[in-house]
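Working notes, structure below.
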Amino acid sequence: MEGVISAPLPFLKGHGTENDFVILPDPDNALDLPAALVARVCDRRAGIGGDGVLHVVRSAAHPEARAMAGEAEWFMDYRNADGSVAEMCGNGVRVFARYLEHAGLVTAGDLAVATRSGVRRVHLAKNAEHAENAEHAKNAGNAEHAKNGDVTVAMGRAVLSADGVTVSVGGRSWPARNISMGNPHAVAFVEDLAHAGELRAEPAYEPAGVYPDGVNIEFVADRGPRHVAMRVHERGAAETRSCGTGACAVAVASARRDGLDPAETGTPVTYTVEVLGGTLTITEHPDGNVDMTGPAVIVAEGRIDPRWLAGDGAGDGDGR
């Protein structure tokens, strides 16, 4: 940390379809977050545990977000579990917005969140919408959606590259679709999700030069009409229970594989994408914009002991 932290540091824990995050509220951007500290916080045995950190900062207070302050008051300074900085996290944006609502910083309805991939438009369901969504979710057997309601994020346009990519695991290889959702993805269709292996280590891919900053790799299997399931290895975090930008990339790749392009038909296309931690609904519109809808949950609040932050190993997190 920058200087000496003498007081406990507030944190929250949240998840979106079990893609979980440590939330660090820091409106004035007073915290220094070196990669080693973020990795310690995200450690599931020695730290709090998470797939990443959501650093909550006012856009005007962060040099990477000041230009967006006129559109979005809040900036999601997202870090992967290994401490590396990431452009975007789809599930993270939903949890970020849920935190802002939880903290009384925004109300239900429409808001904007600044990210390194630009401003993302978010919709938090209001009471009437929440009741309708909850009843639908209850009938569908999704208790988490029923309890917490849905958050929809306008994820921007998918950029499909013509670059050919091959992904390999355990002697098997598949052609993969190279898609950017503000961060890079390689989407491979497989007969069985088990073929992806343990996904503890990053699957091999080539040519390596296509992804100079690393890549998120999705393995996709069909479950029914416009219904797929996926597993994902996220750069900097290994396999995660969910990846929002990955689900968007998977839906777009699935649509193109199925011969569906909203830009040509003029009709939106919606896919249900199962992740290990739940279900996301992805809609691609004729203008190319992609919407992602799913749950976002705040599960705990607490304080991090300053002695632990200092690295002496004496302090423990004080949850409540």
Side-chain angles (χ1 to χ4, degrees), residues 11-25 42 48-56 72-79 81 86 88-115 117 119-138 140 142-156 181-182 232 234 237 240-248 251 272-283 290-302:
F11 77 92
L12 297 90
K13 184 73 182 287
H15 77 93
T17 49
E18 298 182 12
N19 196 185
D20 62 334
F21 310 97
V22 178
I23 304 164
L24 297 179
C42 291
I48 296 166
D51 292 323
V53 163
L54 301 177
H55 183 208
V56 184
E73 180 179 4
W74 296 98
F75 173 55
M76 183 182 76
D77 175 20
Y78 182 67
R79 313 298 179 95
M88 176 60 182
C89 177
N91 288 319
V93 172
R94 296 202 320 278
V95 175
F96 188 94
R98 181 69 77 204
Y99 161 74
L100 295 177
E101 181 188 40
H102 173 87
L105 299 170
V106 302
T107 58
D110 296 323
L111 68 142
V113 174
T115 76
S117 289
V119 175
R120 293 294 181 262
R121 306 292 170 180
V122 181
H123 183 79
L124 288 154
K126 297 180 181 180
N127 289 338
E129 295 173 285
H130 179 92
E132 180 179 350
N133 290 342
E135 184 62 27
H136 174 77
K138 183 178 179 181
N142 192 325
E144 185 172 275
H145 282 242
K147 181 179 179 180
N148 296 285
D150 283 335
V151 180
T152 297
V153 181
M155 298 289 288
M181 286 300 308
V232 58
E234 290 196 61
T240 60
R241 301 285 294 174
S242 179
C243 176
T245 55
C248 294
T272 297
V273 180
E274 292 180 19
V275 295
L276 296 180
T279 302
L280 294 167
T281 301
I282 311 298
T283 299
V290 178
D291 289 344
M292 174 186 62
T293 300
V297 187
I298 302 297
V299 299
E301 297 183 56

Can you see which heavy atom on [X] is nearest to which on [Y], and at what distance?
X      : Y      : answer
Ala72  : Ala114 : CB-N, 3.5 Å
Gly90  : Met292 : O-CE, 3.2 Å
Val95  : Gly16  : CG2-N, 3.6 Å
Val275 : Ser242 : CG2-OG, 3.5 Å
Asp20  : Gly49  : OD2-O, 4.0 Å
Gly244 : Asn91  : N-ND2, 3.0 Å

**Report entry** Residues Tyr78, Phe21; criterion side-chain contact (heavy atoms from CB on, under 4.5 Å); working and verdict
**Finding:** CA-CA 10 Å; Tyr78 182 67; Phe21 310 97; 3.5 Å; yes

Query raised in the report: Where do Met88 and Met181 land on the side-chain contact (heavy atoms from CB on, under 4.5 Å) test, with the steps shown first?
Result: CA-CA 8 Å; Met88 176 60 182; Met181 286 300 308; over 6 Å; no

Report task. Please assess Asn19 against Arg241 for the test side-chain contact (heavy atoms from CB on, under 4.5 Å), listing each intermediate value before the final yes or no. Result -> CA-CA 5 Å; Asn19 196 185; Arg241 301 285 294 174; 5.6 Å; no

Close side-chain approach of [X] and [Y], heavy atoms under 4.5 Å:
X      : Y      : value
Ile23  : Ile298 : yes
His102 : Leu12  : yes
Ile48  : Phe11  : yes

As an exercise, state the distance from [atom1] of [X] to [atom2] of [Y], rounded to the nearest 0.5 Å.
X      : Y      : atom1 : atom2 : answer
Cys89  : Glu234 : SG    : CD    : 6.0 Å
Leu276 : Thr17  : CG    : OG1   : 9.5 Å
Ile282 : Thr293 : CD1   : OG1   : 7.5 Å
Leu111 : Arg121 : CG    : CZ    : 9.5 Å
His55  : Leu24  : NE2   : CG    : 6.5 Å

**Report entry** salt bridge (Lys or Arg N to Asp or Glu O under 4.0 Å) involving Asp51 - partner list, sequence neighbours excluded
**Finding:** Arg44

Requested in this report: Provide the full list of salt bridge (Lys or Arg N to Asp or Glu O under 4.0 Å) pairs with a residue in residues 100-109, sequence neighbours left out, each pair given once.
Outcome: Arg98-Glu101

Report task. For the pair Leu54 and Tyr99, evaluate side-chain contact (heavy atoms from CB on, under 4.5 Å) and give the outcome as yes or no after the intermediate values. Result -> CA-CA 10 Å; Leu54 301 177; Tyr99 161 74; over 6 Å; no

Query raised in the report: Has the side chain of Lys13 got a donor or acceptor atom that lies under 3.5 Å from a matching backbone atom of Gly50?
Result: no

Requested in this report: For Arg94 and Gly294, indicate whether the former's side chain and the latter's backbone hold a donor-acceptor pair under 3.5 Å.
Outcome: yes

Query raised in the report: Only one of Asp110, Thr152, Asp291 forms a side-chain hydrogen bond (donor to acceptor under 3.5 Å, both in side chains) with His123, so which one is it?
Result: Asp110

